[in-house]
Amino acid sequence: MRTILLLTIAFFMTSCSAGNKEGQVEKEAEYKDEPVSVIRKDTLGLIVLYPQYSSIDFVCGNMPSKSDTSVILFAEAAYTGELLKEFKHTNVAGDHVSQGKRYKGYKCKRNTGAFVYYGEKWDFCYKDYSKAMDVAAENGGAAFAQEMMIYKGKMVEIARKDSNKNQFRALCNHDGRLCIVETKGKIPFGDFKKKLLALGISDALYLDMGAGWNYAWYRDRGKIVELHPKVHDYCTNWITFYK
């Protein structure tokens with residue numbers, strides 16, 4: 001009886017294993033037919049993500065959902081002031097434009113630049129960006145402010161110390177292509193800037209990072225690839241790319 005029972009269990013486990021493998025193959029085949037929505041390149045100790053997007057928005061309040069298949073990539077963008085359970089636009093660092101409307105955020109001295117998007121065009125602004133935000137709002141676009149790191153191919157003055165060591169991320173212009181660049185591990189901030197210049201980045205705007213603020217994900221042929229674990233619900237805003 002014991003022999004028969006063991007043989008039955010072994011057969012059942014083999015059948016389940018075969019079924020799981022078949023299901024996995026079918027799932028991979030399904031993903032294989034999906035168009036490439038984000039091109040990833042790993043180089044110079046960096047992760048470089050090039051979203052193949054049709055539109056961009058600065059999403060506030062509610063984090064983009066994995067069930068929304070139009071979302072292909074998002075990441076925390078502007079700084080968040082306080083750890084609040086409820087969302088307030090005034091808790092986002094600096095004025096910003098979301099879904100074509102301009103909102104007032106809290107004053108942040110670190111904000112020296114901005115990213116603006118409207119009419120399927122985008123640009124990086126340095127220092128004087130308020131008018132550009134107005135134009136983005138008038139044209140149903142998006143915009144947010146952050147620390148400018150590199151502008152027109154040159155490093156610019158920034159409050160963050162070069163010796164500051166962490167894992168960093170930035171929204172960048174690489175030969176006319178928008179990309180999000182992240183370090184693979186913790187490195188000095190000065191080294192991050194040098195790596196971006198070595199990569200050929202002409203404009204780089206810092207994106208909020210650190211424990212809990214670094215959560216992001218992108219779609220790889222339909223599959224979700226998470227960047228860092230999600231550890232809290234205090235994030236307030238995300239630069240979001242749609243297919």
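What you are looking at is a predicted structure, and each value in this text was computed from that prediction instead of being measured.
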For residues [X] and [Y], determine if any side-chain heavy atom of one lies less than 4.5 Å from a side-chain heavy atom of the other.
X	Y	answer
V38	Y50	no
M148	Y206	no
Y215	P229	no
I224	Y218	no
V48	R177	no
F124	V116	no
I47	R40	yes
R110	R160	yes

Single-linkage hydrophobic cluster, 4.5 Å side-chain cutoff, [X] and [Y] together:
X	Y	answer
V231	L84	no
W217	W238	yes
F189	I187	yes
V135	Y129	no
Y53	L207	yes

Looking at [X], I'd like to know if its [atom1] atom is crowded, meaning that more than 12 non-hydrogen atoms belonging to other residues, nucleotides or ligands lie closer than 6.0 Å.
X	atom1	result
K88	NZ	no
E86	CD	yes
D42	CG	yes
Q99	CD	no

Option among [options] that satisfies the side chain to side chain contact (heavy atoms under 4.5 Å, CB included) test with [X]:
X	options	value
I150	D203, V156, L205, L196	L196
C179	L171, L49, I201	I201
V92	Y79, F144, F87, Y106	F87

Rounded distance [0.5 Å steps], [atom1] in [X] versus [atom2] in [Y]:
X	Y	atom1	atom2	answer
H96	K104	NE2	NZ	11.0 Å
F58	M133	CZ	CE	8.0 Å
I39	D220	CD1	CG	11.0 Å
L73	I56	CG	CD1	10.0 Å

Residues forming a side chain to side chain donor-acceptor pair (under 3.5 Å) with [X], sequence neighbours excluded:
X	answer
N139	none
T240	none
S70	D68
R102	D95, S130, D134

Quiz item: Are D191 and K193 within salt-bridge range, i.e. N to O under 4.0 Å?
Solution: no
Say whether, by atom type as modelled, one donor and one acceptor occur between the side chain of [X] and the main chain of [Y] under 3.5 angstrom.
X	Y	value
K195	L44	yes
R219	V71	yes
T90	G105	no
Q167	K184	yes
R169	N214	yes
H174	L199	yes
T112	E147	no
D208	A77	no

Exercise. List in chain and number order the residues that pass side-chain contact (heavy atoms from CB on, under 4.5 Å) with S55, two or more places apart in sequence or in another chain; answer none if no residue qualifies.
Key: Y117, Y242
Quiz item: side chain to side chain contact (heavy atoms under 4.5 Å, CB included) between L227 and E182: does it pass, once the steps are laid out?
Solution: CA-CA 10 Å; L227 297 172; E182 176 180 320; 3.9 Å; yes
Self-check item: Short side-chain donor-acceptor distance under 3.5 Å, N173 and S202
Solution: yes
Quiz item: Does the ring centre of H89 sit less than 6.0 Å away from the ring centre of Y103?
Solution: yes
Quiz prompt | Centroid-centroid distance, F241 to F74, less than 6.0 Å | solution = no
Residue pair [X] / [Y]: nearest heavy atoms and the distance that separates them:
X	Y	answer
C172	V181	SG-CG2, 3.8 Å
I239	F115	CD1-CE2, 4.0 Å
A145	A78	O-CB, 3.8 Å
P188	F168	C-CE1, 4.0 Å
K186	K165	O-CE, 3.6 Å
E76	C235	OE1-CB, 3.2 Å

Quiz item: Where do E226 and K66 land on the salt bridge (Lys or Arg N to Asp or Glu O under 4.0 Å) test, with the steps shown first?
Solution: CA-CA 11 Å; E226 291 188 329; K66 292 177 181 178; 2.6 Å; yes
Practice problem: Check which hydrophobic residues are tied to L83 through side-chain heavy-atom contacts below 4.5 Å, counting indirect links as well, and list them. | Solution: W213, Y234
